[in-house]
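This is a predicted model, so every value here is computed, not measured. The figures here come from the full heavy-atom set of this structure, side chains too, leaving out hydrogens, waters and symmetry mates. In the text below, chain A, chain B and the rest are named by the order of the sequence lines, each starting its count at 1.
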Amino acid sequence: SLLRQISSLLRRLPAIESAKFQDDFLTEYNDTLLMTYLAM
Amino acid sequence: EEQVSVIREGLAELYVNEEEWSKAAQMLSGIDLESGIRMLDDTYKLSKCVKIALLYLEDDDAVNAETFIKKASFLVNNSKDEGLNLQYKVCYARILDLKRKFLEAALRYYELSQLEKREFEGRQVDEDELQQALTAAVTCTILAAAGPQRSRVLATLYKDERCSKLKIYPILQKVYLERILRKPEVDAFAEELKPHQKALLPDNSTVLDRAMIEHNLLSASKLYTNISFEELGALLGIGSQKAEKIAARMISEDRMKGSIDQVEGIIHFGTDMEELQQWDQQIVNICQALNDVLDSMAKKGL
Amino acid sequence: SDSVYIYDEAGQAMIQQQKPWLREPHYFKSVRISALALLKMVVHARSGGTIEVMGIMQGKIEGDTIIVMDAFVLPVEGTETRVNAQADAYEYMVEYAQTNKTVGRLENVVGWYHSHPGYGCWLSGIDVNTQLQNQKYQEPFLAVVIDPTRTVSAGKVEIGAFRTYPEGYKPPDEQPSEYQTIPLNKIEDFGVHCKQYYPLDITYFKSSLDSHLLDLLWNKYWVNTLSSSPLLGNRDYVAGQVADLAEKLEHVENQLAHSGCVGTFFVPPHKKKEEESQLSKITKDSSKITVEQVHGLMSQVIKDALFNSISP
């Protein structure tokens, strides 16, 4: 049962994989870098 | 007019003794309350309207009952008779229930179940009656159309600790936690319903069937990202065509987020949660799963 | 460590009689807040969202320290938009305090708290008036302000404790308290009244039971840390901060442009110094916002590396 628990845990990784997530993540990344640049 | 109303009330009493409810109601409704010849105060008029509506309700005649309860709603604000006002509220809730306006009925039943004052001119409202009102509130909420409003009322009822003592609590819990309800649970719940709540709809299914299918569909939308209509039909215990029709209606009424690819025969469930928030939710689930693994290893002494 | 939870009724009555705070306007120097009271106040402030909420604190006095043992919510909202919000809740307050005594909670009311969502911990003109009234008729009385929005973005509780000076009192020149950003639309309200009150040092305490419970919670707290996104939860607040910064920049730019037209040698040194100090404040604000953003981004990148980069 422990092994089953561990394998189900591993199957949850990677936590999220979708084009939409990549877009949102990179948008947020760029926004923050832009803010840093503007602050500089 | 005085004599007429006395005779009518007497006859109505006889009909009531013979449980001829509608005849008694018709007899009373013949009393002219608006003629203006007799000075009648609002409380008297209100008591007559409520009594007639209650008599019609004994025969499940919501249409006529509603006519008189509507008249009563213009009079109830001036009435100081708390017992009569309470009867008016009970009557109104039952009419909404009969007319299958389940969410509004649930809210009124719930309000009645929270009654603080228990003594009305010698008439005692006991705990049992409050519990009946609470049960009626839960039943109507479960029968109501699935969606955000119903979820809010479910949350209120689920957090009310009095509900955990009700016989109906297990199904309330599953419905609130958006878990899929299996046929045996639905059948057990069906036994508690009143005749009008088991009535057939135009498409030959009952109110309960529709409520359960919509509920299970909403639960499925929380479990799956997408699913074919064959599979969905099998899960809901109905044909794929019907599953598609119900899903389409719920999406168009904005009671469920999603989109339907009719060529592929697949429904894609949507969520208003942002990807980044979903990501955080997934991380919580992973951490919790990791925690469980560690706990069970600790339990096994590993 | 739990002795602070024992209430010495006679001792408190004596302090009430002696009224040491009348001798010196600056008598109270510090505040100790229990973990329970802090949690209740922060949770209540957060529940108000962008609306200011208000509550009352119960506790006792120990020398020049006010000890806050517990806090409770008042049925009042929008404290900054009413002259004396507390007046709406007097009846509730009195009844609550009396009911408390009947159940053995002997602590008296020692102050009030309210929230400033997103604009920092200080006393506005309305707050100063309310606190002056309280210090006239309900001594000892403390004013606590919590900013729930900045609490989330800074990852620590933004809280301030204040006492007002008697009217007409001229305080000695204060050492500047910790710098905080005041939004442009509040700067005037802040500036006019900031000399009428002074901040007290705040420390916290918890009981052995609190420690045990918090330790248990801490075991699960790591999940929150790994799954939170300060960038996501605070977008509106950060947007508001950047907008405020832009407004201040324009404001200072106009002033500089104006003084520039008469040439720098005419600008008296203190005026020039003042403009520089405003610009340096704006620079401080912008780097503060940006550092918080970069922290948020760092946690996102770490989460991405931890949970997304593993390919099956």
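- Below 4.5 Å, heavy atoms of chain B meet heavy atoms from A:Asp24, A:Phe25, A:Glu28, all part of residues 23-40 of chain A.
- Enclosure of atom NZ in B:Lys245 is not indicated, since only 12 or fewer non-hydrogen atoms of other residues, nucleotides or ligands lie within 6.0 angstrom.
- No more than 12 heavy-atom neighbours from other residues, nucleotides or ligands sit within 6.0 angstrom of CD on B:Gln149.
- Results of the side-chain contact (heavy atoms from CB on, under 4.5 Å) test with A:Arg12 over B:Leu290, B:Ile283, B:Ile286 single out B:Ile286 as the only residue that passes.
- Environment of NZ in B:Lys167: sparse, with no more than 12 heavy atoms of neighbouring residues, nucleotides or ligands closer than 6.0 Å.
- Between the CG atom in B:Asp292 and the CD1 atom in A:Ile6 there is a gap of 12.0 Å [rounded to 0.5 Å].
- Across B:Glu275 and A:Ser18, no two heavy atoms sit closer than the pair OE1-OG, 2.7 Å.
- Counted within 6.0 Å of CD on B:Glu253, heavy atoms from surrounding residues, nucleotides or ligands total more than 12; the atom is thus considered enclosed.
- A:Leu13 CG to B:Gln282 CD: the interatomic distance, rounded to the nearest 0.5 Å, is 10.0 Å.
- The local environment of NZ in B:Lys159 is sparse, with at most 12 non-hydrogen atoms from other residues, nucleotides or ligands closer than 6.0 Å.
- The contact between A:Ser1 and chain B is made entirely by side chain atoms (from C-beta outward), counting heavy-atom distances below 4.5 Å.
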